[in-house]
Undergrad: 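So that we are looking at the same thing, I have put the structure below in structure tokens.
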Number of protein chains: 2
Amino acid sequence: MSASEKHDVFQAIADPTRRKVLQLLAEGDLPISEITSHFSMSRTAIAKHLHILSEAELVSGRKVGREKRFRLQPEPLAELKQWLSFYDQFWDNKLSILKHVIENSGENGLKVIEKEKDTTEPS
Amino acid sequence: MSASEKHDVFQAIADPTRRKVLQLLAEGDLPISEITSHFSMSRTAIAKHLHILSEAELVSGRKVGREKRFRLQPEPLAELKQWLSFYDQFWDNKLSILKHVIENSGENGLKVIEKEKDTTEPS
DNA sequence: ATTATATAAAACCTTTTGGTTTCATGTCAA
DNA sequence: TTGACATGAAACCAAAAGGTTTTATATAAT
């Protein structure tokens with residue numbers, strides 16, 4: 001399925017089938033044949049999608065007996081999230097500031113309280 | 001450039017050139033030729049990328065005089081963000097809950113206060 | 001040992017992508 | 001009105017994407 005460079009996260013999630021595979025694996029590890037049973041295409045096709053997802057490190061597969069079980073590995077989505085966060089400023093300005101605070105709050109965490117009245121409107 | 005369905009956001013951002021175009025437009029509206037000057041490919045190629053970005057409604061173009069100025073339209077990125085948020089739970093569990101609250105807080109907004117001591121640790 | 005299961009790997013095919021070049025058209029400036 | 005500029009549109013192209021079928025190999029179960 002090509003001899004090009006490795007696929008990145010952006011390419012990996014571009015295909016709806018692959019997104020569905022990720023969603024499936026979110027519910028738990030599965031072997032190829034069982035993943036395939038959720039689609040109307042050949043096992044080989046799914047195996048190729050899994051290969052692309054592997055290249056992007058969104059899934060990992062380990063042989064167990066005669067089957068190969070795949071597991072979701074969501075860490076690379078962080079890159080996507082970071083990419084997205086850049087565009088918050090052009091878009092949803094009110095909440096983006098708050099979210100930035102949260103994303104950089106580290107292990108300490110935060111406390112959230114519902115506001116009675118808006119006093120910080122004009123940013 | 002094909003007779004298929006319209007491109008969606010996931011496909012639109014899959015290409016590095018298109019991501020760079022978005023980044024450029026983030027600094028301000030630009031006509032095609034000026035966008036092109038930032039790349040080492042033909043104007044026609046860039047025009048096609050802009051067309052795909054338009055289909056995904058990530059940019060919009062309006063004629064002004066003899067040029068066509070393009071503008072960033074980041075709203076559709078919300079879909080991507082929402083898609084991403086699903087995977088937070090498998091990954092960054094502590095903050096994902098808080099973020100979910102924020103994302104669903106509507107126009108009212110929230111008030112955020114730094115915590116002195118963690119009392120809600122065990123979720 | 002035999003057979004059924006689970007996957008791997010290769011060859012092949014069609015459509016889409018991402019680019020090019022060439023030609024046509026509309027608009028601004030002199 | 002004559003160029004120069006800015007874009008649009010069409011035809012073409014190579015490679016990658018997304019499938020298929022066929023063949024081979026390893027493991028499990030009988």
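Note on naming: letters A, B, ... go to the chains in the order of the sequence lines (proteins, then strands), and numbering restarts at 1 for each one. Side-chain atoms are counted along with the backbone in the values below, which use heavy atoms only and exclude waters and symmetry mates.
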Undergrad: Enter the distance from K20(A):NZ to L25(A):CG here, rounded to the nearest 0.5 Å.
TA: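 Rounded to the nearest 0.5 Å, the NZ-CG separation comes to 12.5 Å.
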Undergrad: Nearest whole Å is fine: how far is dT27(D) P from R66(A) CZ?
TA: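 Whole-Å distance recorded here is 11 Å.
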Undergrad: Could you tell me which non-hydrogen atom of I52(B) sits nearest to which non-hydrogen atom of A12(B), and how far apart they are?
TA: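 Closest heavy-atom pair between I52(B) and A12(B): CG2-CA, 4.3 Å.
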Undergrad: Give the rounded distance in Å between these two atoms: CZ of R19(B) and P of dG18(C).
TA: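 Answer to the nearest Å: 11 Å.
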Undergrad: Can you check the I13(B) CD1 to dT17(C) C1' distance for me, whole Å?
TA: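 I13(B) atom CD1 is separated from dT17(C) atom C1' by 17 Å.
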Undergrad: Starting at atom CD of E67(B), determine the distance to atom C1' of dT25(C), rounded to an integer number of angstrom.
TA: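 Atom-to-atom, E67(B) to dT25(C), this comes out as 17 Å.
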Undergrad: Please confirm whether the shortest side-chain N or O distance from S42(A) to OP1 or OP2 of dG19(D) is below 4.0 Å.
TA: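 No.
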Undergrad: According to a strict under-4.0 Å criterion, is T44(B) in side-chain N/O contact with OP1 or OP2 of dT20(C)?
TA: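 The answer is no; no side-chain N or O of T44(B) sits under 4.0 Å from OP1 or OP2.
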Undergrad: Of the nucleotides dT20(D), dA8(C), dT20(C), which one has an atom closest to the side chain of A45(A)?
TA: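 For A45(A), the side-chain atoms sit closest to dT20(D).
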Undergrad: Could you tell me how far apart K68(A) (NZ) and dT27(D) (C1') are, to the nearest whole angstrom?
TA: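 Those two atoms, NZ and C1', are 15 Å apart.
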Undergrad: If you go through the side-chain atoms of K48(A), does one of them form a donor-acceptor pair with the base of dT20(D) closer than 3.5 Å?
TA: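 Yes, the side chain and the base share a sub-3.5 Å donor-acceptor pair.
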Undergrad: At under 4.0 Å between heavy atoms, what does Q11(B) touch on the DNA or RNA strands: base, sugar-phosphate, or nothing?
TA: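 Result for Q11(B) = sugar-phosphate.
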Undergrad: Among dT21(D), dG18(D), dT22(C), which is the nearest nucleotide to the side chain of D15(A)?
TA: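 Closest nucleotide among those given: dG18(D).
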Undergrad: Taking the side chain of H49(A) as heavy atoms from C-beta outward, which of dT7(C), dG19(D), dT21(C) is closest to it?
TA: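 The closest nucleotide is dG19(D).
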Undergrad: Could you check how far CZ of R18(A) sits from P of dA17(D), rounded to whole Å?
TA: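 After rounding, the reported distance stands at 8 Å.
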Undergrad: Separation of E55(B) atom CD from dG18(C) atom P, in whole Å?
TA: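 Value for this atom pair: 12 Å.
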Undergrad: Rounded to whole Å, how long is the line connecting atom CE of M41(A) with atom C1' of dG18(D)?
TA: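 Going from M41(A) (CE) to dG18(D) (C1'), I get 8 Å.
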Undergrad: From the options dT27(D), dT7(D), dA17(D), select the nucleotide whose nearest atom is closest to the side chain of H7(A).
TA: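 That would be dA17(D).
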Undergrad: Counting only heavy atoms not in H51(A), do more than 12 fall under 6.0 Å of its NE2?
TA: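 No.
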Undergrad: Does any N or O in the side chain of R71(B) come within less than 3.5 Å of the main-chain N or O of V59(B), such that one atom is a donor and the other an acceptor?
TA: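 Between the backbone of V59(B) and the side chain of R71(B) there is no qualifying donor-acceptor contact (under 3.5 Å).
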Undergrad: Quick check on E57(B): does its CD atom have over 12 non-hydrogen neighbours (other residues, nucleotides or ligands) under 6.0 Å away?
TA: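 Not more than 12 within 6.0 Å, no.
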Undergrad: Nearest nucleotide by nearest heavy atom, which residue falls closer to the 5' end of DNA chain D, G65(A) or S40(A)?
TA: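 Final value for this comparison: S40(A).
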Undergrad: How would you label the contact of R69(A) with the nucleic acid (heavy atoms, under 4.0 Å): base, sugar-phosphate, or nothing?
TA: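 The answer is nothing, as R69(A) stays clear of every strand by at least 4.0 Å.
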Undergrad: Could you check whether S33(A) gets within reach of a base, just the sugar-phosphate, or nothing at all, counting any heavy atom under 4.0 Å?
TA: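 Result for S33(A) = sugar-phosphate.
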